[in-house]
Amino acid sequence: MKNNMPALANIDLSGTTVSAYSIYPDNTVPDNALKNCTTLTTIILPSGLTKIGRMALYGLWRIKTLTIPSTVTFIGDEAFRGCEGMTAI
């Protein structure tokens with residue numbers, strides 16, 4: 001799916017609920033979920049989120065702003081690797 005959104009710049013998921021999928025429980029950004037979606041500049045994650053998976057946001061070098069809710073208790077290895085442009089969390 002992510003390869004079909006080449007010009008997506010902003011994602012606001014603040015009013016959404018993340019449902020369980022495959023091996024991932026509710027309220028989880030799966031491993032590699034947005035890996036290398038290089039057009040993204042802003043991401044607002046859902047308020048009930050508890051886990052950001054391994055390499056979930058890897059390679060988002062254009063990202064400037066990321067909103068992480070206080071409910072997140074786990075961030076996987078290299079979740080933000082390559083996000084050198086980030087100026088606000």
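What you find for S47 and P69 is that their closest heavy atoms are O-CB, 3.6 Å. When all heavy atoms are compared, the tightest approach of T28 to P30 is O-CD, 3.3 Å. When all heavy atoms of L57 and C83 are compared, the closest pair comes out as O-SG, 3.2 Å. A pairwise comparison of heavy atoms in G48 and T71 identifies C-OG1, 3.6 Å as the closest pair.
A donor-acceptor contact under 3.5 angstrom links the side chains of D12 and S14, judged on distance only. Side-chain atoms of D26 and S19 include no donor-acceptor pair closer than 3.5 Å. Judged purely by distance below 3.5 Å, without hydrogens or angles, the side chains of N27 and T50 never pair a donor atom with an acceptor atom.
Atom CD1 of I43 and atom CG of L60 lie 5.0 Å apart (nearest 0.5 Å). Between I68 atom CD1 and F80 atom CZ the span is 4.0 Å, to the nearest 0.5 Å. We find the CG-CG distance between D77 and D31 to be 9.5 Å, quoted to the nearest 0.5 Å. Between atom CD1 of residue I52 and atom CZ of residue F74 there is a gap of 10.0 Å, rounded to the nearest 0.5 Å.
E78 is listed as a side-chain neighbour of R54, based on a closest heavy-atom distance under 4.5 Å. The closest side-chain heavy-atom distance from T41 to N10 is below 4.5 Å.
The hydrophobic cluster containing L13 also contains I63, counting ILVMFWY residues as joined when their side-chain heavy atoms lie under 4.5 angstrom apart, directly or transitively. Side-chain heavy atoms closer than 4.5 Å link hydrophobic residues (I, L, V, M, F, W, Y) into clusters, and following such links, possibly through other members, connects M86 to I75. A single hydrophobic cluster is not seen to contain both L66 and M55; linkage of ILVMFWY side chains at heavy-atom distances under 4.5 Å, directly or through other members, places them apart.
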Exercise for review: Given side chain to side chain contact (heavy atoms under 4.5 Å, CB included), test Y58 with N32 step by step and report yes or no.
Suggested key: CA-CA 7 Å; Y58 180 100; N32 303 301; 5.8 Å; no

Check your understanding: Under the side chain to side chain contact (heavy atoms under 4.5 Å, CB included) criterion, do T38 and W61 qualify, and how do the steps go?
Key -> CA-CA 6 Å; T38 58; W61 60 271; 3.3 Å; yes

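Between the side chain of T67 and the backbone N or O of L45, no donor-acceptor pair lies under 3.5 Å.
Just one residue in the list T73, V72, T17 forms a side chain to side chain contact (heavy atoms under 4.5 Å, CB included) with L49, and that residue is V72.
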